[in-house]
Amino acid sequence: MKSRKYRLSCIVWFLCIVWVQAQESQKWEFVLGVDFNCNQHLASPTQARFRTISGKHNPLENSFLYLKRFGEITTIILNASQNPFEFRGANGDPTREIPGGPTSYSFLVSDFIATRDGSITIFISGLTSGTYRFQSFHLDSSTAESFSFAQGNTPNVPATLQALIQNEVVATSTANSLGSRGLASTVLTNQELPSLKFERAIFEAQPLHITLQTTTTAPTGFVLLNGFKIERLLP
């Protein structure tokens with residue numbers, strides 16, 4: 001009996017090693033990155049290799065829909081409520097900071113686009129056939145005690161965020177901030193950044209329709225988005 005259990009544990013261990021090696025051998029090609037910038041002040045930081053969509057603090061100066069073409073790829077960012085988006089950022093805002101440390105996404109997570117209406121919709125078209133990896137980032141660079149735009153039911157509780165495709169939840173994460181109730185640090189690693197990440201097979205001319213939503217019910221429905229990147233699995 002012990003021998004059988006030992007053989008079974010060896011098989012499981014072997015399969016785990018094979019799976020890890022397969023994951024490590026996968027190579028991904030960077031396709032597109034979008035950085036949402038608050039351009040309330042000059043020289044807002046932009047993540048290297050990422051394209052930008054910018055706006056102001058005051059929602060009345062912004063739109064509820066942004067359409068951008070990046071080469072063959074078209075991206076639409078939509079607030080389905082048709083209320084204008086809000087933008088916030090560390091540049092010129094004394095309550096927010098650009099994080100440093102080992103992270104390679106300091107400029108990306110220093111600012112964001114946001115809504116208080118519960119969801120942000122992303123349409124992406126023009127992708128060629130293949131397997132893609134999507135990753136979005138959700139950090140408020142606020143150093144205040146509360147979670148600010150990363151809040152859930154109350155300012156002192158972070159929001160749970162989901163990524164949905166055709167009403168199917170494909171990723172879940174928890175938004176965060178730099179304040180004392182959150183990460184409590186401005187020195188970060190990539191692993192500490194809250195993000196939604198999933199893989200999806202795309203066929204020729206098939207658009208990608210992603211909903212980023214909070215599980216928080218009204219009246220608070222904060223959803224913030226620093227930006228996102230798309231990578232393609234190399235054959």
Side-chain angles (χ1 to χ4, degrees), residues 24 27-58 62 66 68 70 75 77 85-115 120 122 133-152 155-161 163 171-198 212 214 222-231:
E24 292 176 346
K27 296 189 180 299
W28 296 87
E29 173 187 41
F30 182 86
V31 175
L32 173 67
V34 176
D35 183 359
F36 294 98
N37 278 0
C38 180
N39 60 1
Q40 191 74 22
H41 301 273
L42 295 176
S44 56
T46 300
Q47 184 68 30
R49 300 181 70 193
F50 281 56
R51 310 298 291 271
T52 62
I53 295 177
S54 301
K56 307 289 187 182
H57 275 201
N58 186 354
N62 303 324
Y66 290 90
K68 290 283 186 177
F70 307 112
T75 300
I77 311 300
F85 282 111
E86 300 179 54
F87 287 77
R88 295 289 189 275
N91 186 37
D93 185 343
T95 68
R96 291 180 166 86
E97 290 190 24
I98 300 175
T103 178
S104 54
Y105 296 106
S106 289
F107 286 173
L108 179 67
V109 299
S110 66
D111 43 15
F112 56 86
I113 191 173
T115 178
I120 296 175
I122 303 173
R133 183 165 63 188
F134 174 92
Q135 185 174 14
S136 58
F137 297 83
H138 308 272
L139 176 74
D140 190 334
S141 53
S142 170
T143 55
E145 182 180 3
S146 70
F147 283 95
S148 192
F149 276 81
Q151 69 176 274
N156 297 326
V157 176
T160 298
L161 302 179
T172 302
S173 185
T174 302
N176 215 331
S177 69
L178 299 179
S180 59
R181 292 183 182 275
L183 293 170
S185 176
T186 58
V187 179
L188 306 178
T189 65
N190 287 348
Q191 289 71 32
E192 291 176 291
L193 301 179
S195 72
L196 293 165
K197 189 175 183 180
F198 63 88
L212 307 179
T214 177
F222 287 90
V223 179
L224 71 92
L225 174 60
N226 305 113
F228 61 85
K229 68 175 183 176
I230 301 173
E231 299 170 303

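Residue numbers count from 1 along this sequence. Just so it is clear, the structure is predicted and the values come from calculations on it, not from any experiment.
T75 approaches I77 most closely through the heavy-atom pair CG2-CD1, 3.7 Å. When every heavy atom of R181 is checked against every heavy atom of N156, the shortest pair comes out as NE-OD1, 3.1 Å. In terms of heavy atoms, V187 sits closest to P102 at CG1-CD, 4.3 Å. Residues C38 and S44 come closest through the heavy atom pair O-CB, 3.3 Å. Between D35 and T46, the closest heavy-atom pair is OD2-CA, 3.4 Å. Across all non-hydrogen atoms, the minimal contact from S142 to S177 is O-CB, 4.0 Å.
For F228 and F137, the ring centers sit 6.0 Å or farther from each other. Ring centroid separation for the pair F134 and F198 comes in under the 6.0 Å cut-off.
A 4.5 Å side-chain heavy-atom check between T103 and T189 finds every atom pair outside the cut-off. You'll find the side chain of V34 stays beyond 4.5 Å of the side chain of T52, heavy atoms only. Counting heavy atoms from C-beta on, the side chains of R51 and K68 never come closer than 4.5 Å. Using a 4.5 Å heavy-atom cutoff, the side chains of Q40 and F87 are not in contact. For the pair E145/S180, a side-chain contact is recorded, criterion being any heavy-atom separation below 4.5 Å from C-beta on. You'll find the side chain of T174 reaches within 4.5 Å of the side chain of P158, heavy atoms only.
The CG atom of L178 sits 10.0 Å away from the OG atom of S110 when rounded to the nearest 0.5 Å. How far OG of S141 is from CG of N226: 7.5 Å, rounded to the nearest 0.5 Å. Here the CG-OG distance, from L212 to S173, works out to 11.0 Å after rounding to the nearest 0.5 Å. Expressed to the nearest 0.5 Å, how far NZ of K56 lies from CG of N37 amounts to 11.5 Å. One distance of note links CG of N190 with OG of S195; it measures 9.5 Å at 0.5 Å rounding. Between the CG atom of N176 and the CZ atom of F147 there is a distance of 5.5 Å, given to the nearest 0.5 Å.
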- Just do the side-chain contact (heavy atoms from CB on, under 4.5 Å) check on R88 and H57 with the steps written out, would you? CA-CA 6 Å; R88 295 289 189 275; H57 275 201; 4.1 Å; yes
- Please report the C-alpha distance between D93 and T95 in whole Å, then the side-chain angles of each, then the deciding distance to 0.1 Å, and finally whether the side chain to side chain donor-acceptor pair (under 3.5 Å) criterion is met. CA-CA 5 Å; D93 185 343; T95 68; 2.7 Å; yes
- Item | side chain to side chain donor-acceptor pair (under 3.5 Å) assessment of S148 paired with D140 | CA-CA 7 Å; S148 192; D140 190 334; 3.2 Å; yes
- Query: Could you walk me through whether L225 and I122 pass the side-chain contact (heavy atoms from CB on, under 4.5 Å) check?
  - Reply: CA-CA 11 Å; L225 174 60; I122 303 173; 4.1 Å; yes
- Message: Set out, in order, the CA-CA distance, both residues' side-chain angles and the distance that settles side-chain contact (heavy atoms from CB on, under 4.5 Å) for L139 and L108, then state yes or no.
- Response: CA-CA 10 Å; L139 176 74; L108 179 67; over 6 Å; no
- Message: Let's go through F112 and F149 carefully: what are the C-alpha distance in whole Å and the side-chain angles of both, what is the deciding distance for side-chain contact (heavy atoms from CB on, under 4.5 Å) to 0.1 Å, and is it a yes or a no?
- Response: CA-CA 10 Å; F112 56 86; F149 276 81; 3.8 Å; yes
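S106 places a side-chain N or O within 3.5 Å of a backbone atom of P99 that can act as its donor or acceptor partner. Judged purely by atom type and a 3.5 angstrom limit, H138 uses its side chain to pair as donor or acceptor with the backbone of L224. Judged by distance alone, with hydrogens and angles left aside, the side-chain atoms of Q47 form a donor-acceptor pair with the main-chain N or O of S104 at under 3.5 Å.
Taking 4.0 Å as the cut-off between side-chain N and carboxylate O, D111 and R96 do not count as a salt-bridged pair. Note on K27 versus E29: no salt bridge recorded, every NZ/NE/NH1/NH2 to OD/OE distance being 4.0 Å or above.
The aromatic rings of Y66 and F85 lie tilted to each other, with the angle between the two planes from 30° to 60°.
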